Amino acid sequence: MILRIEHLGIAVNNMENANRLFTSLLGTPNYKVETVESEMVSTSFFKVGESKIELVEATNPESPIAKFIAKKGEGIHHVAFEVDDIRQMMQQLREQGFQLLSDEPKKGADNKLICFLHPKSTNGVLVELCQEIR
Ligand code: ZN
């Protein structure tokens with residue numbers, strides 16, 4: 001079951017500038033920074049009520065984020081939905097015909113198991129499923 005929008009992922013060119021801008025915009029500093037080696041990104045998290053903003057910067061030109069920015073520019077990169085049981089949700093969505101980008105959940109930032117859905121099967125929106133690791 002999908003519980004809520006957990007965060008919006010925003011692709012940025014320069015984390016230092018983006019952190020300054022979003023701190024000013026949201027009126028609160030980030031509460032966490034984390035590098036995710038497997039995705040070749042560094043991330044910065046801001047709380048916004050019940051949800052979060054995740055800034056994502058490429059750490060390597062081969063990073064999917066570098067490719068995204070080269071193609072589309074900076075901006076909203078993905079929508080992350082929190083789910084109660086990621087494996088069950090992946091199975092259900094697969095059966096419904098959605099295309100998943102991995103067969104198994106991966107370890108993401110912010111203490112989460114994650115899986116992405118291919119934007120081709122979701123109206124061009126990169127969807128992330130995430131479940132808190134308990
Ligand atoms: Zn995310």
Side-chain angles (χ1 to χ4, degrees):
M1 187 170 57
I2 288 180
L3 303 174
R4 62 171 175 145
I5 294 178
E6 213 278 340
H7 64 269
L8 294 178
I10 298 178
V12 304
N13 266 323
N14 181 302
M15 187 60 92
E16 201 182 318
N17 290 345
N19 270 330
R20 202 176 309 120
L21 187 148
F22 276 87
T23 298
S24 167
L25 174 67
L26 300 172
T28 182
N30 61 354
Y31 68 91
K32 182 187 259 191
V33 293
E34 192 176 341
T35 299
V36 185
E37 300 290 349
S38 61
E39 300 288 322
M40 295 176 277
V41 295
S42 57
T43 64
S44 172
F45 285 89
F46 293 80
K47 287 202 166 79
V48 187
E50 292 293 298
S51 300
K52 299 164 187 166
I53 294 289
E54 174 189 27
L55 304 180
V56 194
E57 178 191 42
T59 54
N60 177 314
E62 292 305 305
S63 165
I65 291 297
K67 289 174 183 166
F68 175 87
I69 289 178
K71 207 166 145 190
K72 296 188 169 174
E74 291 183 294
I76 293 184
H77 175 258
H78 62 272
V79 178
F81 293 114
E82 182 178 27
V83 298
D84 54 354
D85 181 341
I86 195 165
R87 286 189 170 80
Q88 186 273 329
M89 202 67 215
M90 287 168 72
Q91 177 65 23
Q92 179 188 324
L93 292 174
R94 219 180 270 123
E95 285 167 8
Q96 287 174 265
F98 291 95
Q99 197 182 330
L100 277 58
L101 290 186
S102 61
D103 292 332
E104 282 293 312
K106 294 195 284 187
K107 175 91 172 63
D110 203 29
N111 195 40
K112 300 276 197 302
L113 286 175
I114 64 166
C115 175
F116 286 99
L117 306 188
H118 197 294
K120 274 184 188 152
S121 67
T122 48
N123 285 95
V125 178
L126 179 60
V127 170
E128 174 185 343
L129 306 175
C130 62
Q131 180 194 328
E132 186 101 20
I133 299 171
R134 288 176 280 256

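What you see is a predicted model; the values in this text were computed from it and never measured. In each ligand, atom 1 is the first atom listed, and ligand 1 is the first ligand listed.
Residue side and main chain included, E128 places an N/O/S atom under 2.8 Å of the Zn ion (ligand 1). Inclusion of H7 in the first shell of the Zn ion (ligand 1) is supported: an N, O or S atom falls under 2.8 Å. Coordination check, D110 versus the Zn ion (ligand 1): failed, since every N/O/S atom of the residue sits at 2.8 Å or beyond.
Donor-acceptor pairing under 3.5 Å is lacking for the side chains of E34 and T43. Side-chain contact check for H77 and E54: no donor-acceptor pair (N or O, by modelled atom type) lies under 3.5 Å.
The atom of E54 that is an N, O or S and sits closest to the Zn ion (ligand 1) is OE1. If you look at H78 and ask which of its N, O or S atoms sits nearest the Zn ion (ligand 1), the answer is NE2.
The environment of K32 atom NZ is dense: over 12 non-hydrogen atoms of other residues, nucleotides or ligands sit within 6.0 angstrom. Within 6.0 Å of CD on Q96 lie more than 12 heavy atoms contributed by other residues, nucleotides or ligands.
With respect to K106 and E104, no salt bridge is recorded, no charged nitrogen being found less than 4.0 Å from a carboxylate O.
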